[in-house]
Amino acid sequence: MRIKIFSTPHAAARSLAHEVARALEDNPRLVLGLPTGRTPVPLYRELAALSQARRADFSRAATFNLDEFAGLTGDDPGSYRAFMQRHLFDHINLPARRIHFLNGAARDEGAECARYERAIARAGGIDLVILGLGANGHIGFNEPADALVAATHRTTLSAATRRANVVLFRAEQARPLHDAHRGREVPRHALSMGMATILHARRIVLLATGGAKARCVDRTVNGPLTSRLPASFLQLHRDVEIWLDRAAAVFIQP
Ligand code: GLP
């Protein structure tokens, strides 16, 4: 695992945005895997600025997001699709037909997950997947469990993950988890790329910032491979980089 440490989350985001722009220059048909969460928001802001300055060209690229809440359509303001639209897709020159998303509202979830795997294969596989890190070590929505699932699948979200998503889920109308009467709850299930879907990407960059992720980053990089910390399986990949700010790196710095 190659580790890069930046002085601030913003410095990491800016540098990663330039790295994506370079990758697009090398391969204009780049296939990207993308995360949601608070961590990538500064990265998306930088990518939007680069695209608007014509220094990043997404016109022939394609994107596949890692996951989506079950039961939500893409136009639901709480969906990850809407989140991506707000933070990135509305601001870059990526044609809508090249944006790929799991349909959380699909009636046949198994068929939807199989469709997604086929779409990734048809696109030639993912060239670069950017990952966030759940505070419990999840990647995408592959939660800690006795066993992990290889392919894109339906998953049950842990209470901790649902709490972490309250802020993101309908940011403007978010309510506490159990307050179903005053607002909508964070969904209990999601569709997510599986561990193999992620590990089959040609290149992986995990972006983690802030002291709250520091322990988890240490276990990801230095701990044993365990399904109790899905991100630890990234150690198996031959082209994986861990991009951190100083706060997230405190336990792994020499
Ligand atoms: C969500 C997403 C993950 C993301 C994680 C971390 O649960 N499904 O893909 O990595 O949150 O979020 P944050 O960056 O807000 O800490």
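For ligands, and for the atoms within them, numbers begin at 1 and follow the listed sequence. The basis for the numbers below is simple: all heavy atoms, side chains too, and nothing from hydrogens, waters or symmetry mates.
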Can you tell whether the side chains of [X] and [Y] come within less than 4.0 Å, N to carboxylate O?
X	Y	value
Glu185	Arg162	yes
Arg29	Asp127	no
Glu46	Arg14	no
Arg81	Asp75	no

Starting from [atom], which protein heavy atom do you reach first, and at what distance in Å?
atom	result
atom 12 (O) of ligand 1	Gly37 CA, 3.8 Å
atom 16 (O) of ligand 1	Lys213 NZ, 2.7 Å
atom 1 (C) of ligand 1	Tyr80 OH, 3.4 Å
atom 6 (C) of ligand 1	Leu133 O, 3.6 Å
atom 8 (N) of ligand 1	Asp67 OD2, 2.9 Å
atom 11 (O) of ligand 1	His138 NE2, 3.9 Å
atom 4 (C) of ligand 1	Thr36 O, 3.7 Å

Arg38, any N or O under 3.5 Å of ligand 1 N or O =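 Checking ligand 1 against Arg38, an N or O pair does fall under 3.5 Å apart.
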Looking at Val20, Asp26, Asn27, which one forms a side-chain contact (heavy atoms from CB on, under 4.5 Å) with Leu24?
->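 Only one of Val20, Asp26, Asn27 forms a side-chain contact (heavy atoms from CB on, under 4.5 Å) with Leu24, namely Val20.
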Thr39 and ligand 1 - part of the residue with a heavy-atom distance under 4.0 Å |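 The answer is both, backbone and side chain.
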Indicate, as side chain, backbone, both or neither, the part of Ile139 found under 4.0 angstrom from ligand 1 when only non-hydrogen atoms are considered.
->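 Neither part.
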Interfacing atoms of ligand 1 (cut-off 4.0 Å, heavy-atom, Gly132) |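 Here the atoms of ligand 1 in question are 10 (O).
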Mark yes or no for whether Gln235, through its side chain, and Leu225, through its backbone, hold a donor-acceptor pair below 3.5 Å.
->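 Checked: no pair found.
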Between Lys213 (side chain) and Leu133 (backbone), is there a donor-acceptor pair under 3.5 Å?
->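 Present.
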Does ligand 1 have any atom sitting under 4.0 Å from a heavy atom of Gly140?
->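 It does; at least one heavy atom falls under 4.0 Å.
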Which class fits the ring pair Phe101 and Phe89: parallel under 30°, tilted 30 to 60°, perpendicular over 60°?
->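 Phe101 and Phe89: perpendicular rings.
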